[in-house]
**Student:** 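Here you go, one structure.
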Amino acid sequence: MFLDLLLRQPCYVLPAFLYLCYLLAMQNIKDFTLKEIEQWLVSFEEKSYKALQIFAWVFNRGVGSFDEMTDLSKELREKLKETFSISKPKIFAIEKSKDGTKKLLLELEDKNYIECVLIPEEDRLTLCISSQVGCPLDCGFCMTGKSGFVRNLKLSEMADQVFAAQGVLSDNHKITNLVLMGMGEPLLNYEEVIKFLNIAIHQKGLGFAPRRVTVSTSGVAPMIERLGRETKVNLAVSLNAATDEIRNRLMPINKKYPLQILLDACRKYPAVRNRHITFEYIMMQDVNDSIKDAERLVELLKGIRCKINLIPFNPFPISEFKRPPEKTILNFQKVLLDNNYVVIIRASKGQDISAECGQLRGKLQG
Ligand code: SAH
Ligand code: SF4
C-alpha cells in the first residue's frame, strides 16, 4: 500500500525517500570506539592501524566529512562514506548568563532535547555534559528528575555536546574540564558512558587529562566500584544528606543503596595520585541545613579523602524547597572546616539563565 502510494508520486520522491532511508541506515562513526573501528577495518582486510587515523580525524580534529581524512586512500574514504555518517550537533538555543555561563540546548535526531553548560572559572572552562534524556531517579530537588526519563544518550550524543560547545567558543578559548553532571544519571548508562570517558581521555580522542574529567553520581554503588576499576577519572557523589531518613526522602535511590553501602563503595574508589572524591551537598532550608546535620556529615565521611561542595539550592517554579539564609550556610561550613574538611560553597553559576540541570529543557516543555 505504502509502496503503491510512493510509486505514484513525482519521479524525484522515490529516490529522495530511498536516500533518506540510506542515510538513516548508515551508522554514525562517532558511535564507534577505536576497537570497533579496528574490527570494521579488519572485517574487509584493511590494516587495523588505520583505525587510529580515522579515530583521530573524528574525535580529535572533529572533521565533518570523510574527504577531509587526507592521509587515507581514496578507496578507504569511499568505503567509509558508504558505511558511515558523521553527525553534526544541532544547537536549538543558547542562553548566556551575565557571569559568562552559556547553556546550550541541543536537538537530537529524534527531536529530543538535551542541555550542556559551559562554565568559565578563573583558570578553567568546564563543560557540564548530559548522559540521559531526562532521568529515572526522581530526586525531589531536581528539575530533570521531575520531568521523567526518556532514554539513554549514545556515545555520539555525548561527544557532540563537546563539539557543539567548542564550536560556540572563539579560537583562543578551549574547554579544559568535563563533568558528567548535566541531565541524567551517568552510571545508569554505564556502557555508553565508559566508552565516552575512554574517548574523552584518549590522547588521539578528545584529549583531556583524566584528572580533568569528573563523573557525578547520585549513588549507584555497584557501578561506582566498576568505574573505579575501569577508569582513572574523578568521582563526585551527590550526597545531599547525612542520614538515611533524610536522604530517602530526597533521593529515592538511597532506598536501594543506603548511605553505608554508598560510602563503602566510595572508600574503595581508587584515589589516583592524591585525588579526592567530591561530595556535593545541596543545602535546603530546614531539610538538611542544621548544625546537627553538619556534625553527622563530619562523622559519616571520616576516613574518606574528600572535599565537600556546599551548593545553595537553586529554586525552580514547581520546587518545594528553599535556599537557606547565607548565615546558615556559613555556620554549616564552619563545622566542617573546624573538623579539617576542605569545604567550598559553590554559588550556582548562571542563575539568570536557569542553568541548573534540566531547567532550560523544562522551560522549553512549558
Ligand atoms: N545524576 C547525577 C549527575 C548530575 S545531576 C547526580 O545526581 O549526581 C545534576 C547535578 O545538579 C547534581 O549534582 C545535583 O545535585 C544538582 N542539582 C540538581 N537540581 C539542583 C537544584 N535545584 N539546585 C542545586 N543543584 C541541583
Ligand atoms: Fe537524576 Fe541526578 Fe537529577 Fe537525581 S539529581 S534526578 S540522579 S539528574
Side-chain angles (χ1 to χ4, degrees), residues 101 103 114-117 119 126-153 158 161 178-190 193 196-197 213-221 223-224 227 233-241 246-257 262 265-266 269 277-285 287-289 307-324 329 344-351 353-363:
T101 303
K103 183 160 197 164
I114 51 164
E115 303 168 358
C116 58
V117 187
I119 308 160
T126 303
L127 179 67
C128 178
I129 291 179
S130 294
S131 56
Q132 298 182 312
V133 183
C135 180
L137 292 183
D138 197 19
C139 301
F141 51 80
C142 175
M143 178 90 179
T144 302
K146 294 261 169 262
S147 59
F149 174 65
V150 181
R151 66 171 175 85
N152 282 330
L153 290 186
M158 285 182 267
Q161 294 175 59
L178 297 179
V179 292
L180 270 78
M181 212 181 262
M183 293 161 54
E185 169 48 55
L187 299 189
L188 289 183
N189 182 16
Y190 190 85
V193 163
F196 172 72
L197 293 173
V213 179
T214 302
V215 173
S216 175
T217 178
S218 57
V220 188
M223 289 309 185
I224 290 179
L227 187 76
V233 299
N234 297 319
L235 178 69
V237 175
S238 298
L239 194 63
N240 303 327
I246 301 176
R247 202 163 190 271
N248 283 346
R249 205 147 33 93
L250 295 174
M251 306 180 73
I253 183 101
N254 196 68
K255 292 179 191 144
K256 196 160 181 196
Y257 305 114
L262 170 59
C266 292
Y269 196 81
I277 294 178
T278 304
F279 288 103
E280 312 273 347
Y281 194 100
I282 304 178
M283 298 204 60
M284 288 163 261
Q285 187 172 14
V287 176
N288 63 357
D289 62 346
K307 59 179 190 223
I308 302 167
N309 283 346
L310 299 178
I311 310 163
F313 175 68
N314 198 21
F316 53 93
I318 50 166
S319 63
E320 59 189 285
F321 302 109
K322 282 206 200 108
R323 173 189 299 239
I329 300 174
I344 294 163
I345 299 174
R346 279 193 83 90
S348 294
K349 288 274 190 168
Q351 286 186 22
I353 58 161
S354 55
E356 216 60 68
C357 147
Q359 293 187 3
L360 181 57
R361 175 169 168 263
K363 271 209 290 198

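Whatever order the structure lists them in is the order used to number ligands and atoms, beginning at 1. This is a predicted model, so every value here is computed, not measured.
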**Student:** Between Ser130 (side chain) and Gln132 (backbone), is there a donor-acceptor pair under 3.5 Å?
**Tutor:** no

**Student:** Indicate yes or no for a side-chain donor-acceptor contact from Asn288 to the backbone of Ala241 under 3.5 Å, with no hydrogens or angles considered.
**Tutor:** no

**Student:** Measuring from Ser216:OG to Ile129:CD1, what's the distance to the nearest 0.5 Å?
**Tutor:** 12.5 Å

**Student:** Check whether any N or O atom of Asn240, backbone or side chain, sits under 3.5 Å from an N or O atom of ligand 1, and answer yes or no.
**Tutor:** no

**Student:** Considering only heavy atoms, does Ile282 approach ligand 1 within less than 4.0 Å through its side chain, its backbone, both, or neither?
**Tutor:** side chain

**Student:** Checking only N/O/S atoms, does Cys142 have one that is under 2.8 Å from atom 1 (Fe) of ligand 2?
**Tutor:** no

**Student:** Starting at CZ of Phe149, measure out to CZ of Arg151 and round the result to the nearest 0.5 Å.
**Tutor:** 9.0 Å

**Student:** For the 3.5 Å polar cut-off, considering only N or O atoms, please tell me whether Glu280 and ligand 1 meet it.
**Tutor:** no

**Student:** So, the side chain of Thr278 versus the backbone of Ala236: is there a donor-acceptor pair under 3.5 Å, distance only?
**Tutor:** no

**Student:** Heavy-atom contact under 4.0 Å between Gly184 and ligand 1?
**Tutor:** yes

**Student:** Counting only heavy atoms, tell me which of Ser216, Cys128, Cys135, Gly182 gets closest to atom 2 (C) of ligand 1.
**Tutor:** Ser216

**Student:** Between Asn189 and Leu153, is there a donor-acceptor pair closer than 3.5 Å when you use the side chain of the first and the backbone of the second?
**Tutor:** yes

**Student:** Looking only at heavy atoms of Ser238, does any of them come nearer than 4.0 Å to an atom of ligand 2?
**Tutor:** no

**Student:** Below 4.5 Å, heavy atoms only, C-beta onward: do Ile329 and Asp289 meet side chain to side chain?
**Tutor:** no

**Student:** With a cut-off of 4.0 Å, which atoms of ligand 1 are near a heavy atom of Cys142?
**Tutor:** 18 (C), 19 (N)

**Student:** Could you pull out all residues at least two apart from Tyr281 that satisfy ring-ring contact (aromatic ring centres under 6.0 Å, His included)?
**Tutor:** Phe332

**Student:** Work out whether the distance between some heavy atom of Gly145 and some atom of ligand 1 is less than 4.0 Å.
**Tutor:** no

**Student:** Show which atoms of ligand 1 fall inside a sub-4.0 Å distance from at least one heavy-atom site of Ser238.
**Tutor:** 6 (C), 7 (O), 8 (O), 12 (C), 13 (O), 15 (O)

**Student:** Output the list of atoms in ligand 1 that are nearer than 4.0 Å to some heavy atom of Ser218, sorted by atom number.
**Tutor:** 6 (C), 7 (O), 8 (O)

**Student:** Going by the atom numbers of ligand 2, which of them fall below 4.0 Å from some non-hydrogen atom of Phe141?
**Tutor:** 5 (S)

**Student:** Output the list of atoms in ligand 2 that are nearer than 4.0 Å to some heavy atom of Gly145, sorted by atom number.
**Tutor:** 6 (S)

**Student:** Examine Pro186 against ligand 1 and note whether any of their N/O atoms are separated by less than 3.5 Å.
**Tutor:** no

**Student:** Closer than 4.0 Å to some heavy atom of Thr217 - which atoms of ligand 1 meet that?
**Tutor:** 6 (C), 8 (O)

**Student:** For Ser218, counting its heavy atoms only, list the atoms of ligand 2 lying under 4.0 Å from any of them.
**Tutor:** 7 (S)

**Student:** Could you point out which residue of Val237, Thr217, Leu239 forms a side chain to side chain contact (heavy atoms under 4.5 Å, CB included) with Cys266?
**Tutor:** Val237

**Student:** For Lys146, does the NZ atom have more than 12 heavy-atom neighbours from other residues, nucleotides or ligands under 6.0 Å away?
**Tutor:** yes

